[in-house]
Amino acid sequence: MWHDNILDTIGNTPMVKLNRITSRLKGTILAKIETTNPGNSIKDRMAVKMIEDAEAAGLLKPGGTIIEGTSGNTGMGLAMAAVIKGYRCIFTTTDKQSKEKIDALRAFGAEVIVCPTNVDPEDPRSYYSVSSRLEREIPNSWKANQYDNLSNTRAHYEQTGPEIWEQTEGKVTHLVAGVGTGGTISGAGKYLKEKNPDILIWGIDSYGSVFKKYKETGIFDKNEIYPYITEGIGEDFLPKNVAFEVIDHFEKVTDKDAALMTRDLARKEGIFAGNSAGAAVAGLLQLGDRLRDDSVVVVILHDHGSRYMGKMYNEDWLRERGFLEDEKLTAQTILKKRGDVPLIMADAEQSVIETFNSMKTLNISQIPVTQQGMIIGKVTESDILNALLDNPSLKSAGVMEICTPPFPFVDLRTSIDKISSLIHKDNQAVLVEDEYGKITIITQYDIINAISG
Ligand SMILES: Cc1ncc(COP(=O)(O)O)c(C=O)c1O
């Protein structure tokens with residue numbers, strides 16, 4: 001048995017019970033794992049549906065160009081379908097998106113234009129505006145417009161909803177999904193409510209997005225809008241695909257909780273999913289006391305973890321944002337264990353032999369070199385020895401003559417793993433600037449002490 005092309009493999013994604021993360025919840029919690037779609041996200045479904053509906057309506061003609069403002073996943077589905085169907089693709093996206101997502105679009109031969117995140121949607125620089133301008137300017141082009149194109153919702157009404165109904169044998173009581181364009185929750189939610197009006201549909205929103213307040217008050221409040229980190233969910237406008245009447249409740253999740261839960265999905269359930277999957281599960285945990293023993297909850301895991309390697313799956317990234325309460329040693333904890341040691345530096349004009357003598361007296365084997373208060377390099381005992389063996393007259397030369405590039409700087413939150421990777425034969429220490437701007441040094445010796453202590 002084979003498929004005619006890759007697009008035929010979209011859908012029929014597995015449903016997997018969550019066990020450890022949700023152990024304190026009543027009921028059965030099932031994750032719909034959309035990462036097994038060929039583009040590794042749920043968006044393959046609606047991308048193909050939007051294209052096929054546009055073809056049928058005569059909006060997209062052979063040899064045409066598909067244009068879209070996309071955060072990556074929809075682009076991936078569109079780009080994949082465009083390869084099979086022979087269209088050109090141009091995408092606009094924002095500088096908030098992971099580099100991995102943008103590179104993946106380019107892998108399919110799509111052109112990608114990166115636009116600023118923190119501008120109004122109406123601003124001519126926004127990724128919405130740029131894609132609309134391209135559509136006006138490029139002949140035989142069609143803008144998919146995933147936000148307002150209702151083929152998006154229809155894809156989930158026709159596929160995702162029925163799959164959930166069948167996989168749970170009609171027992172589903174709750175659907176939980178991150179809301180971006182709204183297509184997933186509105187389409188699948190509408191289908192499920194038609195099957196059983198008692199099914200509750202919970203949308204997961206982010207802080208910085210307008211959805212929750214709009215649902216609860218009918219007010220579109222611009223004060224709700226501010227930049228946030230979570231990818232794929234929440235918006236600063238109201239897409240036509242968000243069917244507010246289908247969604248019973250919106251739950252907001254913080255960037256930190258979404259990021260940490262994304263990581264926990266891999267660590268505790270072995271499921272390698274993206275940021276909005278973490279947000280959805282974190283949101284469900286917040287709503288946990290609304291569940292009963294006979295609840296059957298389906299949570300949508302929209303996309304794959306590989307697109308977030310530089311983000312939620314990177315401990316330094318988490319730490320830099322203060323998301324990780326430290327289990328691992330960092331520059332800060334290494335320094336705390338060692339105590340305060342004044343940083344000795346050599347002035348660039350100081351002679352080689354003077355520098356060597358003070359290093360000997362102070363029992364240090366490497367020293368940063370400064371010029372007018374700026375660190376310009378370093379010397380080690382062996383640099384001095386080698387230089388003097390080569391040319392004994394260098395003894396009275398300024399130490400800057402023989403210094404090598406400075407020790408790299410790290411910040412207080414940098415992990416011991418990262419620091420260790422910076423320390424090797426030619427670089428035996430790193431420099432750290434503390435919160436008061438004071439510079440200190442961490443040597444290999446300090447790291448060994450911290451690990452063994
Ligand atoms: C990673 C991710 N999660 C969630 C969503 C939200 O899905 P929908 O647009 O169907 O509301 C998207 C889509 O924008 C997404 O890319």
Pair Arg338, Thr440: side-chain N/O donor-acceptor within cut-off below 3.5 Å
yes
Run the ring-ring contact (aromatic ring centres under 6.0 Å, His included) test on Tyr214 and Phe250 for me, step by step, so that the C-alpha distance in whole Å, both residues' side-chain angles and the decisive distance to 0.1 Å come before the verdict.
CA-CA 10 Å; Tyr214 184 78; Phe250 275 97; 9.3 Å; no
Lys213/Asp221 salt bridge by N-O under 4.0 Å criterion:
yes
Can you confirm whether Met309 sits close enough to Asn314 that some side-chain heavy atom of one is under 4.5 Å from a side-chain heavy atom of the other?
no
Are Phe91 and Tyr127 close enough that their ring centers fall under 6.0 Å?
no
Between the side chain of Asp264 and the main-chain N/O of Met261, is any donor-acceptor distance below 3.5 Å?
no
Distance-minimising heavy-atom pair for His302 and Ala177
CE1-CB, 4.3 Å
Side-chain donor/acceptor of Glu269 to backbone N/O of Ile21, under 3.5 Å:
yes
Single hit among Thr74, Asn73, Asn241, Asn152 for side chain to side chain donor-acceptor pair (under 3.5 Å) with Gln146:
Thr74
Any side-chain to backbone donor/acceptor pair from Asn386 onto Ser382? Under 3.5 Å, distance only.
yes
Residues Lys438 and Asp340 bridged, charged N to O under 4.0 Å:
yes
Taking the six-membered ring for Trp, are Tyr128 and Phe237 ring centroids under 6.0 Å apart?
yes
